Amino acid sequence: MAASPGAPRAPAVEAPPLQPDARTLDRGSDSRAGQLSFCTKVCYGIGGIPNQVASSATAFYLQLFLLDVAQIPAAQVSLVLFGGKVSGAAADPVAGFFINRSRRTGSGRLMPWVLGCTPFLTVAYFLLWFLPPFTSLRGLWYTGCYCLFQALATFFQVPYAALTMLLTPCPRERDSATAYRMTMEMAGTLMGAAVHGLIVSGAHGPHRCEDVALARPAVVSPDATRLYSIAAAVLALTYPVCTGLLCLGVKERPDSSGPASGQGLSFLAGLGLTVRHRPYLKLVISFLFISAAIQVEQSYLVLFCTHASRLHDHVQGVVLTILVSAVLSTPLWEWVLQRFGKKTSAFGICVMVPFAILLAAVPTAPVAYVVAFVSGLSIAVSLLLPWSMLPDVVDAFQQQQQPGPGLETIFYSSYVFFTKLSGAGALGISTLSLEFAGYEAGACTQAERVVVTLKVLIGAVPTCMIITGLCILMVGPAPKVPSQDPSRRQSLQRRTSYSLA
């Protein structure tokens, strides 16, 4: 209805312009500032390639090189493998101690450790495959080189993995960067075994023994030495190249959150708390057996194909089948974990058991490729499952004990520590069994006892260890905790990488 002309008109009140909330502006600016470019994520992922390349090559081919090219007695090879793994395990808490107490420099607090280790890692990896002119002290030479390489690789990997937290304050962007890293590390695993295997494939063929009438140690072929040196040089170059791209494409942000959580708690003190938590202890013990079984299977498969069967020409194909199967099946196992649960998924680890026994009984090429494919499936779930179960264990511990922040780092580092120790013991003892069986370094034909021992090492030994680990894992209920912070749990799950070596 219209107002009368004589009525006083109320003054118009203009609405004040809408002013954005300061907190909204801050969150928006932080979100935009925290976004990582595609180039940054790719360069960060590339930084994880070198260690995976080197680990893959050493996992499959180092033992064969030490026995047949360097011609070191099996007992000394046992010492080399054991010493190297123990060195890597011991370097984990030492690296964490020094890195947590290092000061920030112009290039950051973590990046100088990565850059400083790179030249020494490059040289150490090459020397690991170099054949020195002397013969009497080769065992000591390779023990020192492998221990040095494992320790340096740990001092490289620890700050590189921790760099995720200093890339951006945005949790979603951190998870995205971690996904890029995991993808690149899987590619590095494939590249390491493929490139190294292709280069050295001519060093272990049956032609090596064509001119040898007796089953006696053969003279080391200059071609074999040259091929291994070329492979070592090619893979060693990935360290400076990839680290250079990492340094150019990634800028470390200042850590504005103050001191690292849990910095005041020593590794030993935190370890004492974690080992008294029964679910964590059960998880660690079970995967000590399972992880050791996988490492034994990887290490002796190439030796078995070379000396216990006529599969010399299929070694490269078998190794690549394992790795491709493991990489491609990882997304499938992630879906299975979410759909059917973690305990049910654990039975996927034992899929390889009957096939490994079949390969030991019927060592033919078709069987070898089937076994390699199935083994890749089991390896993928064995690597994925512990990092999926650890967040549950950590959450259950913190709900029961309320120890304060920071102990999740102790849980993860101590798990890696124990896993490396179990691998050291398994590889050391199993290689020592070759010495007792009468393995002749560099021999063209091994005794029947050695052939039987290799069959046991790829069949019965992994089978018993996997079954033992699964039995321990299945005892008792799984820790059930309510989901409190999905972003925190996802960050916990991705705090480490899946390594196939």
Side-chain angles (χ1 to χ4, degrees), residues 59-60 63 81 85 279-305 308 318-319 321-323 325-326 329-330 332-333 336-337 340-363 367-368 370-390 415-416 418-431 433 452-476 478 498-501:
F60 285 103
Q63 194 173 34
L81 299 178
K85 293 290 185 179
Y280 177 73
L281 199 59
K282 183 182 71 171
L283 180 68
V284 167
I285 294 176
S286 63
F287 277 97
L288 287 185
F289 286 97
I290 295 172
S291 174
I294 297 299
Q295 292 185 59
V296 169
E297 182 78 13
Q298 285 181 323
S299 296
Y300 288 97
L301 184 62
V302 174
L303 268 179
F304 173 82
C305 293
V318 169
V319 170
T321 301
I322 292 175
L323 296 176
S325 173
S329 63
T330 298
L332 172 64
W333 284 118
V336 171
L337 284 173
F340 299 101
K342 297 168 186 177
K343 277 201 169 183
T344 303
S345 303
F347 287 102
I349 301 174
C350 64
V351 171
M352 65 179 286
V353 168
F355 291 93
I357 297 175
L358 178 63
L359 178 61
V362 188
V367 173
V370 173
V371 171
F373 176 78
V374 177
S375 297
L377 300 178
S378 295
I379 289 173
V381 68
S382 71
L383 296 173
L384 184 64
L385 191 60
W387 305 118
S388 177
M389 299 180 75
L390 268 173
Y415 174 79
V416 174
F418 286 125
T419 302
K420 289 183 178 181
L421 283 184
S422 71
L427 292 178
I429 295 173
S430 58
T431 308
S433 67
V452 172
T453 302
L454 288 173
K455 290 182 177 181
V456 170
L457 288 174
I458 70 156
V461 171
T463 297
C464 294
M465 298 177 78
I466 288 176
I467 292 176
T468 302
L470 287 177
C471 290
I472 296 173
L473 186 64
M474 296 301 163
V475 173
Y498 308 137
S499 175
L500 300 180

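As a basis for the values below, the full set of heavy atoms in this structure was taken, side chains included, without hydrogen atoms, waters or symmetry mates. On a predicted model such as this, the values are computed, not experimentally measured, just so you know. The chain is numbered in sequence order, starting from 1.
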Notebook entry, point to check: For the atom pair CG (L454) and CG (L301), what is the distance rounded to the nearest 0.5 Å?
Noted result: 10.5 Å
Item checked: Separation of L81 CG from Q295 CD (nearest 0.5 Å) -> 10.5 Å
Note to self: A side-chain contact here means heavy atoms from C-beta on lying under 4.5 Å apart; do M352 and I294 qualify?
What the structure shows: yes
Checklist line | Check: G348 main-chain N/O paired with S378 side-chain donor or acceptor under 3.5 Å | finding: yes
Checklist line | Note, W333 side chain near L385 side chain (heavy atom, < 4.5 Å) | finding: no
Note to self: So does T419 get a backbone contact from the side chain of S422, meaning a donor-acceptor N/O pair under 3.5 Å?
What the structure shows: yes
Check: Are side-chain heavy atoms of V318 and V371 found at a separation under 4.5 Å?
Finding: no
Notebook entry, point to check: Taking all non-hydrogen atoms of both residues, which atom of A424 and which atom of K85 are closest, and how far apart?
Noted result: CB-CB, 3.2 Å
Check: How many angstroms lie between CG in L288 and CG in L421, if you round to the nearest 0.5 Å?
Finding: 8.5 Å
Next item on the list: Under the side-chain contact (heavy atoms from CB on, under 4.5 Å) rule, what do S430 and Y300 come out as? Steps first, then yes or no, please.
Entry: CA-CA 9 Å; S430 58; Y300 288 97; 2.8 Å; yes
Next item on the list: Could you check if a side-chain atom of L470 sits within less than 4.5 angstrom of a side-chain atom of C350, using non-hydrogen atoms only?
Entry: yes
Check: If you draw a 6.0 Å radius around OH in Y415, do more than 12 non-hydrogen atoms from other residues or ligands fall strictly inside?
Finding: yes
Contacts table for residues 457-468: side-chain donor-acceptor under 3.5 angstrom, sequence neighbours left out:
from, atom 1, to, atom 2, distance (Å)
T463, OG1, G459, O, 2.7
T468, OG1, C464, O, 2.7

Checklist line | Check: L427 and Q63 side chains under 4.5 Å, non-hydrogen atoms | finding: no
Checklist line | Considering all heavy atoms, the nearest V381-P386 contact | finding: O-CD, 4.4 Å
Check: Does any N or O in the side chain of S325 come within less than 3.5 Å of the main-chain N or O of I322, such that one atom is a donor and the other an acceptor?
Finding: no
Notebook entry, point to check: In chain order, what residues pass the side-chain contact (heavy atoms from CB on, under 4.5 Å) check against L281, with sequence neighbours excluded?
Noted result: V275, I285
Notebook entry, point to check: When rounded to the nearest 0.5 angstrom, what distance separates CG in L377 from CD1 in I349?
Noted result: 12.0 Å
Next item on the list: Report the distance from atom CG of L383 to atom CZ of F287, rounding to the nearest 0.5 Å.
Entry: 9.5 Å
Next item on the list: Locate the shortest heavy-atom distance separating T344 from F340; write the atom from each residue and the value.
Entry: OG1-O, 3.3 Å
Checklist line | Distance (rounded to the nearest 0.5 Å) between S291 OG and F418 CZ | finding: 13.5 Å
Check: Are side-chain heavy atoms of M474 and F347 found at a separation under 4.5 Å?
Finding: yes
Next item on the list: Given side-chain contact (heavy atoms from CB on, under 4.5 Å), test K282 with I472 step by step and report yes or no.
Entry: CA-CA 7 Å; K282 183 182 71 171; I472 296 173; 4.0 Å; yes
Check: Side-chain contact, heavy-atom cut-off 4.5 Å: L359 with F304?
Finding: yes
